[in-house]
Amino acid sequence: MLDLKFVRSNLDLINDMLKDRGYDLDLSGFQSLDKKRRSILTSLEELRYRRNKVSDQIAVMKKSGEDVSSLISEMKAVSKEIKEIEAELPDIMDQLNRPFMLIPNIPHESVVVGKDADDNPVIRRWGKIRDFDFNPLPHWEIGENLNILDFSRAAKIAGSRFSLQSGLGARLERVLINFMLDIHTNNHGYTEILPPFLVNSISMTGTGQLPKFREDLFKVDGWDLFLIPTAEVPVTNIHRDEILSFDELPIKYVSYTPCFRSEAGSYGKDTRGLIRQHQFNKVELVKFCCPEDSDQELESLTTDAEEILQRLELPYRVVSLCTGDLGFSAAKTYDIEVWLPGQQLFREISSCSNFTDFQARRANIRFRRKKGSGTELAHTINGSGLAVGRTFVAILENYQQPDGTVVIPEALRPYLNGLSVIKKEG
RNA sequence: GGAGAGAUGGCCGAGUUGGCUGAAGGCGCUCGCCUGCUAAGUGAGUGUGGGGCGAAAGCUCUACCGAGGGUUCGAAUCCCUCUCUCUCCGCCA
C-alpha cells in the first residue's frame with residue numbers, strides 16, 4: 001500500500017507508473033472520493049467536539065442541580081446526526097480503499113521499463129555451464145529412474161502437481177534444507193524462525209497476498225486460515241503492529257517452511273516434474289531495516305542466496321526484473337536463475353525483492369530512531385535462499401552421469417555421511 | 001469439548017454505584033541540575049492514528065483502555081458477540 005498523502009499529490013506520477021507496469025487501473029474517481037472523505041471527517045469531528053463539550057457541561061450543571069433537559073434533548077439530535085454520518089463513513093472508506101489497495105508499489109529508479117521477462121537485464125553470471133558428452137535428461141526422468149521420485153503415486157494420494165520423494169530423494173531434500181539453514185544462520189547472521197504454516201486473513205493482507213491474490217491461496221474450509229504460499233507471510237507478520245527500535249535493525253530472519261500455492265492460471269504450464277507444485281519446500285530470507293539501508297540490504301540478501309548455489313557449484317545468472325515483470329508489492333527484484341541442462345534453460349530458483357515501505361505500511365511495521373522521536377515505516381526485504389525443490393532439480397540435472405547416477409555436490413557430502421553418488425536402490 | 005478468571009500506556013498496576021481519567025501511582029527511558037566516585041538525590045518530559053491551521057517549531061480538534069456492535073446527552077466503566085491468555089476437568093500427538 002502506498003501513502004495516501006503521496007498518492008493524493010502525485011496522481012500523474014502514479015498513473016505513469018501504472019502504465020510502465022502494464023496495469024489497467026482507473027483512479028479518476030480517487031480525488032473526489034478523497035475530498036468527500038475529508039469533508040465528512042471534518043463535519044463529523046465538529047459534531048463530536050460539540051457533543052463532548054456539552055456533555056461535560058451537563059455533568060457540571062447536574063451536580064449543581066440545574067435543569068438540563070433541554071440540553072439533553074438537543075444533544076439527542078446531535079448524537080443521532082453523528083451516528084448517521086458514522087454510518088456513511090465505512091462505505092466511503094471502502095470505495096476509497098478498494099482501488100487504493102490495488103495500486104502496486106512504485107518501482108525503484110534503477111528498474112528498467114519493459115514489457116515482460118524478455119526485457120529483464122542480466123546483471124551477472126556465475127559458474128561454468130557443463131559440457132555434456134551425452135544427452136542430459138530432465139530431472140523427472142532421472143529421479144524416476146533412480147526410484148527417488150514418484151509422481152504417479154503422488155497423484156494417487158493427492159492429485160496433480162504433487163510429488164513424492166523417497167529414500168535418498170527424501171533425504172537429499174531434507175539435507176538441502178539443513179545445509180541452507182546452517183549457512184544463513186552460521187555465516188550470514190540470520191535468526192532461524194519456525195513459524196505457523198497457516199495464517200489468518202489479516203496476516204495475508206499485511207504482506208499483500210490479500211485482497212488481490214486470493215485465488216492463488218488454499219483456504220481452510222470453515223476457518224479464517226490460509227496455507228502459507230511462502231514463509232514471507234508469517235515471518236514478515238512477526239513484527240506487524242510493532243514499533244522496532246533503531247538499534248535492533250536490521251533484523252534478519254531465515255525460515256524453512258513448506259509453501260502451498262493453488263497455481264490457478266498456470267494450467268498446462270510446467271506440468272511435468274518438480275518445477276511447479278502445489279506444495280514445495282523453501283528456505284526464505286526476510287529483513288527489516290531502515291529506509292536508507294534497504295538498497296544495500298537487498299544486494300547483500302541476494303548474494304547470501306547466491307552463495308548457496310556457489311557452494312553447490314551450480315551455474316546461474318542474476319536478472320533484474322523490468323517494470324512489466326515486477327511483482328505487485330516489490331520496488332525492485334532480482335531473480336536468481338539456475339541452469340537446468342535437462343531442459344536447456346535458466347529457471348528461477350530465488351526471487352529477492354525490496355518492498356521499501358509498501359508492506360510495512362500495510363502491516364504497520366515501524367521503527368523509532370531515538371527515544372521520543374517520531375516513528376517511521378521500516379523497509380522490508382525478502383528472497384528465497386533457496387527454493388529447495390528447484391535446488392533438488394538443479395542438482396539432479398547438473399550432476400547427472402551417463403549411467404543414470406547422480407553425483408552429490410561436495411558441500412553436501414558431510415550431511416550424507418560422505419556419500420558421493422546417488423545410485424538406483426533396491 | 002465442559003467450568004471458571006482475565007485482557008488498561010514501553011513494563012507493572014489503579015480505576016467497574018457511567019461524567020475535566022488519555023487515563024492515579026510505581027518502574028523504565030530522555031533531558032537538565034546537584035554531587036564526585038562505580039551510587040544516591042532532585043526538576044521536567046515521556047503513546048499512536050487521523051483532520052484543520054502553520055514555511056517550520058508548534059498549536060488545535062478527533063479517535064483509541066483486546067476487537068466489533070449496543071444502551072446513554074455522556075462508557076475504560078453497563079449489555080451482546082467474537083478473539084486471545086490463564087486455571088481446573090475431559091480428550092489427544
Side-chain angles (χ1 to χ4, degrees), chain A residues 1-9 30-97 100-101 194-206 210 219-220 222-226 234 237-249 251 258 288 290 357-378:
Chain A
M1 182 164 63
L2 295 173
D3 181 36
L4 183 66
K5 287 178 199 156
F6 180 83
V7 174
R8 189 183 291 155
S9 50
F30 178 84
Q31 254 164 340
S32 64
L33 217 53
D34 180 49
K35 221 175 214 164
K36 192 170 171 195
R37 165 185 160 270
R38 275 189 291 167
S39 82
I40 285 182
L41 220 51
T42 305
S43 53
L44 177 64
E45 290 187 352
E46 273 166 12
L47 285 170
R48 281 175 171 166
Y49 174 59
R50 180 124 175 274
R51 184 179 71 183
N52 288 345
K53 275 278 172 292
V54 176
S55 288
D56 288 349
Q57 203 184 329
I58 289 172
V60 173
M61 286 170 73
K62 240 183 162 176
K63 238 172 220 164
S64 59
E66 291 177 65
D67 177 47
V68 290
S69 55
S70 69
L71 274 182
I72 285 181
S73 65
E74 190 187 334
M75 283 304 104
K76 242 180 203 168
V78 171
S79 267
K80 193 167 166 239
E81 200 177 341
I82 289 176
K83 258 179 202 156
E84 281 166 9
I85 297 177
E86 277 175 342
E88 275 179 61
L89 209 53
D91 193 46
I92 300 280
M93 295 302 274
D94 191 53
Q95 282 182 50
L96 194 64
N97 267 330
F100 196 71
M101 293 289 270
L194 186 62
F197 298 164
L198 285 80
V199 303
N200 57 32
S201 53
I202 298 172
S203 295
M204 283 295 186
T205 308
L210 291 178
K219 175 146 188 347
V220 181
W223 294 70
D224 178 33
L225 285 174
F226 298 82
N237 276 283
I238 289 175
H239 295 299
R240 171 157 51 80
D241 293 324
E242 290 187 10
I243 299 173
L244 307 165
S245 75
F246 183 71
D247 305 332
E248 59 187 325
L249 299 178
I251 294 171
F288 303 81
C290 51
D357 60 11
F358 191 84
Q359 277 185 337
R361 186 172 293 105
R362 279 194 180 205
N364 196 23
I365 302 166
R366 293 164 295 171
F367 74 100
R368 205 193 298 279
R369 287 188 193 272
K370 250 194 276 171
K371 197 93 191 165
S373 64
T375 59
E376 290 175 58
L377 289 166

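All values reported here derive from a predicted model rather than from experimental measurement. Sequence lines set the chain letters: A, B, ... in the order given, protein chains first and strands last, and positions in each chain run from 1.
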Of A:Val60 and A:Arg38, whose nearest nucleotide on RNA chain B comes first from the 5' end?
A:Val60
Closest approach to the side chain of A:Ser55, judged atom by atom: which nucleotide of B:G19, B:U71, B:G51 is it?
B:G19
Quick one: look up who B:A39 pairs with, Watson-Crick or G-U, both distances under 3.5 Å, and put none if it's unpaired.
none
Tell me what A:Asn364 touches on the nucleic acid: a base, only sugar-phosphate, or nothing, going by heavy atoms under 4.0 Å.
nothing
Hey, does A:Lys80 reach any base, or is it just sugar-phosphate, or nothing, if we go heavy atoms under 4.0 Å?
nothing
For atom CG of A:Asp224 and atom P of B:G68, their distance in whole Å
16 Å
Per the atom types in the model, does the base of B:G50 pair as donor or acceptor with the side chain of A:Glu45 at under 3.5 Å?
yes
Hey, does A:Arg37 reach any base, or is it just sugar-phosphate, or nothing, if we go heavy atoms under 4.0 Å?
sugar-phosphate
Whole-Å distance between B:G51 C1' and A:Ile92 CD1?
16 Å
Taking the side chain of A:Thr375 as its heavy atoms from C-beta onward, which of B:U71, B:U48, B:G74 lies nearest to it?
B:U48
Over all strands shown, is A:Ser73 touching base, sugar-phosphate only, or nothing at heavy-atom distances under 4.0 angstrom?
nothing
From the candidates B:C73, B:U48, B:U62, the one with an atom nearest any side-chain atom of A:Tyr49 is B:U62
Residues A:Glu86, A:Arg48: salt bridge by 4.0 Å N-O rule:
yes
Now, which nucleotide makes the Watson-Crick or G-U wobble pair with B:A55, with each of the two distances under 3.5 Å?
none
Would you say the side chains of A:Ser69 and A:Asp67 form a donor-acceptor pair under 3.5 Å?
yes
Any donor-acceptor pair under 3.5 Å from A:Asn97 side chain to A:Phe100 backbone:
no
Would you say A:Lys5 reaches B:G51's phosphate, i.e. side-chain N/O to OP1/OP2 under 4.0 Å?
yes
So, under a plain 3.5 Å distance rule, would you say the side chain of A:Lys62 forms a donor-acceptor pair with the base of B:G19?
yes
Between A:Arg51 and B:C73, does any side-chain N or O lie under 4.0 Å from OP1 or OP2?
no
Donor-acceptor side-chain pairing of A:Asn52 and A:Ser55 below 3.5 angstrom
no
Which of these nucleotides, B:U48, B:U71, B:U62, is closest to any side-chain atom of A:Arg368?
B:U48
Give the rounded distance in Å between these two atoms: CG of A:Leu244 and P of B:U48.
14 Å
Main-chain N/O of A:Glu376 paired with A:Arg369 side-chain donor or acceptor, under 3.5 Å:
no
According to the Watson-Crick and G-U wobble definitions, with both distances under 3.5 Å, which nucleotide is paired to B:G66?
B:C82
Nearest-nucleotide pick for A:Arg366, side chain only, options being B:G74, B:A63, B:U48:
B:U48
Nucleotide forming a Watson-Crick or wobble pair with B:G45, both distances under 3.5 Å
B:C29
Measure CD/A:Glu86 against P/B:G70 and give the value in whole Å, please.
9 Å
With a 3.5 angstrom cut-off on both distances, give the Watson-Crick or G-U wobble partner of B:U16, or none if there isn't one.
none
Measure from CG on A:Asp56 to P on B:A75 and round the result to the nearest Å.
11 Å
Do A:Asn364 and A:Asp241 have side-chain atoms, one donor and one acceptor, less than 3.5 Å apart?
yes
NA contact type, A:Ile58, heavy-atom cut-off 4.0 Å: base, sugar-phosphate, or nothing?
base
Nearest to the side chain of A:Ile243, which nucleotide is it out of B:U48, B:U71, B:G52?
B:U48
Name the pairing partner of B:U72, where a pair is Watson-Crick or G-U wobble with both distances under 3.5 Å, or state none.
none
For A:Arg8, which contact category applies under a 4.0 Å heavy-atom criterion: base, sugar-phosphate, or nothing?
sugar-phosphate
Watson-Crick or G-U counterpart of B:C91, or none if no pair lies under 3.5 Å
none
N or O in side chain of A:Asn200 less than 4.0 angstrom from B:U83 OP1/OP2
no
Going through the distances and angles, do A:Ser203 and A:Arg240 end up as a side-chain contact (heavy atoms from CB on, under 4.5 Å)?
CA-CA 8 Å; A:Ser203 295; A:Arg240 171 157 51 80; 3.0 Å; yes
